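Sequence lines set the chain letters: A, B, ... in the order given, protein chains first and strands last, and positions in each chain run from 1. Computed from heavy atoms alone, side chains included, the values below leave out hydrogens, waters and symmetry copies. Only a predicted model underlies this, so the values are computations on that prediction, with no experimental measurement involved.
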Amino acid sequence: MSKPILVAVAWPYASGSRHLGHLAGAYLPADIFARYHRLIGNDVAMVSGSDVHGTPITVRADAEGVSPSAIAERFHAEFVDNWERCGIKWECYTSTGTENHARVTQEMFMTLLEKGHIDKRRSEQFYDEEVGRFLPDRYVEGTCPHCGYTDARGDQCDNCGRTLDPTDLIDPRSKMSGSVPVVRETEHFYLRLSDFADQLGEWLDSRVGWRSHVLNFSKGWITEGLHDRAITRDLEWGVKIPVDDLGPGKRIYVWFDAVIGYLSAAKELSERRGEPDLWRRFWQNPDAESYYFVGKDNVPFHAIIWPAMLMGNGGLNLPTNVPANQYVTFKGGKASASRGVGLTIGEGLDMFEPDSLRYALAASFPEQSDSDISIEEIARRINEELAATWGNLVNRVLSMIHKNHDGAKPATGERTAEDLQLLATVEELLAKEAKQIESVELKAGLRTAMDSAQAVNIYLNATEPWRSAKTDPERSATVLTTALDAINGVRVGLSPYLPFSSAKLDAILGEPTGWERVDVPDGTPIPKPSPLFPKVDLEALEADL
RNA sequence: GGCGACGUAGCUCAGUUGGUGAGAGCGCUCGACUCAUAAUCGAGAGGUCGACAGUUCGAAUCUGUCCGUCGCUACCA
């Protein structure tokens, strides 16, 4: 039975390059999960897009003397290139800059407004008269009233760590122009989040299979008390507010529209495929499932705010699961492209083969807790695990068959209990891995697939087909065909993780028929193999840095 | 400050509701094999599960305190 699976992935912010932490935290796990579900025949819609609005983009645009859209287009193009290069496969990758997205956002805004979940409130905020802009808290700097630190930001003091209100700052100044900001009154729309506290709490309590850190954090938010949130900003760069009673110069704020992107992207997919009701299969069918792949910093948006918006709107499916990952750290520090910690996705792909990088990151997915990686650790994973266990296994079996059997799979003789046991083991591990992937334990799933490869290595060492080739060629042939038939199952389990090398094997062994092990037909041509994964020369790599 | 975590073999990490002598991968030592990308396979060494106190017949697992690391703190997304 084909089940609709919405794979919703955090919208990368087009203000700069994304790094390997983002790849390991959201995009790669989503891709592995989606590839698995496509392979078992489910109806998958993996959607996301570049988040192109917001203040940081306008600030960067000003700094470079270009338009905000130029910044957004530059990084959107970079992201699309990143996905292409590392095999992140989407049903729909779009951006928040489309006309469709604006319309869907405005529709949901109006629905929430009409149902009384959005209202207007006045507040006071700093305004930079020099650049003519209201200032987000973090763009106001000044002296911390607690510790005297002179470069405290309006939201928080980096020195003493205390949370601040911009008006607390002594000698406030605008980060944009350096001038002294003035306080002006402004009016905005607010989402009445607090109205949903009870409903959200009950919903979260009913979740099963969610990661404990996601539930803990979300419930903690509710326990502390949900604040109503402003969902519009004094900004020219964003989705227009569909009512005009706030006056000009206001836009819908990015976090409000970015999550709506999951819905608008599904509708865009419908349009692209010419099936107007396609999106309903994912959003209104009670049997559909939805998984939101995000980093832990995004948990409140996906486990609290977005569900509240969906509850308020009505008629749309709530998340099945939000399998948020924790952080990947680089040598102990939080990855940050802007601070030069870790590698951008592009840099990672320049250094490593895409499948090799995917393997190393997947083996280190921060599913339970933060995980630490480094270039050395990535290289170790590739050389000592991926190439040694799996790459070498494929190479040794294909080489022997190619050399000893005229480049084609020989006929299989009588299989011994040992032979049958290997094939059974591969099948059992495939089943075990399937359960792990379905419960989004992707790191464990990869380990299971590697266990399967190791089982074949153990089998070969026990049966020694290179030896029997001289004494009992028929037995040797049977061992090799058994190993090949086993490999044919192992590669199915690895295919969601390693799409590029899997495609290479598809060319020899044929496309996978599904999530199952099948025998390779007798006589299948087996060409002289080349290593699936080149070894990483760490010294040469570091010499380039 | 508040909140959420984390601290388990040299390294990176698993350890469901507390219970046979604490695990995996890699590294290391020894051995086997030599088909294969000096790859593979076996055996072994290596940890008072951050510290202290407590609950319990019994705790890495529950409670408290402390030390250390990290993240979040709602106007970065």
Side-chain angles (χ1 to χ4, degrees), chain A residues 10-15 51 53-57 123 125-126 134-140 146 153-156 160-166 188 193 212-214 216-221 223-230 233-234 253-255 258-259 294-301 304-305 326-327 329 332-334 363-374 376-377 380-381 383-385 387-389 391-401 403-404 441 443-444 447 450-451 454 456-462 464-467 469 476 480 483 529-535:
Chain A
W11 291 58
Y13 195 49
S15 64
D51 185 352
H53 294 135
T55 302
I57 286 176
S123 65
Q125 194 169 359
F126 275 120
F134 278 95
L135 297 169
D137 290 358
R138 64 197 331 256
Y139 285 97
V140 182
H146 303 287
R153 295 197 321 241
D155 54 343
Q156 180 175 24
C160 65
R162 265 180 261 244
T163 306
L164 304 174
D165 188 282
H188 283 292
L193 246 197
S212 58
H213 74 265
V214 175
N216 284 345
F217 193 80
S218 304
K219 289 178 181 174
W221 252 54
T223 304
E224 285 174 36
L226 291 178
H227 303 199
D228 296 337
R229 294 186 60 135
R233 288 290 184 279
D234 295 285
Y253 178 50
V254 282
W255 71 253
V259 287
V294 302
K296 67 175 166 184
D297 51 339
N298 256 321
V299 167
F301 293 100
I304 300 281
I305 296 168
Q326 309 247 15
Y327 286 137
T329 58
K334 187 192 175 191
S364 300
F365 276 162
E367 293 173 345
Q368 283 82 16
S369 57
D370 291 351
S371 69
D372 196 57
I373 64 170
S374 60
E376 292 82 356
E377 175 70 2
R380 184 192 70 71
R381 293 273 194 197
N383 291 345
E384 313 291 345
E385 296 180 13
T389 303
N392 182 60
L393 170 65
V394 171
N395 209 44
R396 70 195 294 210
V397 171
L398 295 189
S399 290
M400 275 189 275
I401 294 177
K403 261 195 300 196
N404 300 344
E441 297 169 42
K443 185 160 65 169
R447 187 61 242 161
M450 291 298 282
D451 286 344
Q454 187 176 28
V456 185
N457 274 323
I458 292 170
Y459 167 82
L460 286 172
N461 278 57
E464 301 185 311
W466 52 91
R467 182 169 293 188
S476 177
L480 288 177
S530 58
L532 230 36
F533 311 101
K535 289 232 177 176

Quiz item: Side chain of A:N392, base of B:rA36: donor and acceptor closer than 3.5 Å?
Solution: yes
Quiz prompt | Atom P, compared across B:rU20 and B:rG64: separation rounded to whole Å | solution = 25 Å
Exercise. Could you tell me which residues satisfy side-chain hydrogen bond (donor to acceptor under 3.5 Å, both in side chains) with A:D451, sequence neighbours excluded, listed by chain and number?
Key: A:R447
Quiz item: Are A:R467 and B:rU34 close enough that a side-chain N or O sits under 4.0 Å from OP1 or OP2?
Solution: yes
Self-check item: Any A:N216 side-chain N or O less than 4.0 Å from OP1/OP2 of B:rA5
Solution: yes
Exercise. Classify the side chain of A:H227 versus the base of B:rA74 as yes if they form a donor-acceptor pair under 3.5 Å and no if they do not.
Key: yes
Practice problem: Name the residue closer to the 5' end of RNA chain B, choosing between A:A230 and A:A387 according to the nucleotide with the nearest heavy atom. | Solution: A:A387
Quiz item: Of all residues at least two apart in sequence or in a different chain, which pass the ring pair (Phe, Tyr, Trp, His ring centres under 6.0 Å) check with A:Y459?
Solution: none
Quiz item: Under the side-chain hydrogen bond (donor to acceptor under 3.5 Å, both in side chains) test, which residues partner A:D234, sequence neighbours left out?
Solution: A:T186, A:H188, A:K250
Quiz item: Choosing from B:rC41, B:rC33, B:rU37, which nucleotide comes nearest the side chain of A:I458?
Solution: B:rC41
Exercise. Assign A:G225 to base, sugar-phosphate, or nothing according to its heavy-atom contacts below 4.0 angstrom with the strands shown.
Key: base
Quiz item: Which one is paired to B:rC76, where only Watson-Crick or G-U wobble pairs with both distances under 3.5 angstrom count?
Solution: none
Show the distances under 3.5 angstrom between N or O atoms of the protein and N or O atoms of nucleotides 22-32 of chain B.
from   : atom 1 : to     : atom 2 : distance (Å)
B:rG25 : O2'    : A:E385 : OE2    : 2.9
B:rC26 : O4'    : A:R380 : NH1    : 3.2
B:rC26 : O2'    : A:R380 : NH1    : 3.2
B:rG27 : OP1    : A:E384 : OE1    : 2.8

Quiz prompt | Below 4.0 Å: OP1/OP2 of B:rA36 and any side-chain N or O of A:K403 | solution = yes
Quiz item: Considering only B:rC75, B:rC13, B:rU37, which nucleotide approaches the side chain of A:Q125 most closely?
Solution: B:rC75
Practice problem: Tell me whether the OP1 or OP2 atom of B:rU12 has a side-chain N or O from A:K443 closer than 4.0 Å. | Solution: no
Exercise. Check every strand shown and say whether A:P465 touches a base, only sugar-phosphate, or nothing at a heavy-atom separation below 4.0 Å.
Key: nothing
Quiz item: Think A:Q368 has a side-chain N or O under 4.0 angstrom from the OP1 or OP2 of B:rA14?
Solution: yes
Quiz item: Given B:rU37, B:rC75, B:rC41, which nucleotide is nearest the side-chain atoms of A:N395?
Solution: B:rU37
Quiz item: Rounded to whole angstroms, how far apart are CD on A:Q326 and P on B:rC70?
Solution: 15 Å
Quiz item: Can you tell which of B:rC75, B:rC13, B:rU40 lies closest to the side chain of A:A388?
Solution: B:rU40
Quiz item: For B:rG64, what is the paired nucleotide under Watson-Crick or G-U wobble rules, both distances under 3.5 Å?
Solution: B:rC52
Detail all sub-3.5 Å separations between protein N/O atoms and N/O atoms belonging to nucleotides 64-68 of chain B.
none

Quiz item: Can you name the salt bridge (charged side-chain N to carboxylate O under 4.0 Å, His left out) partners of A:D370, sequence neighbours left out?
Solution: A:K296
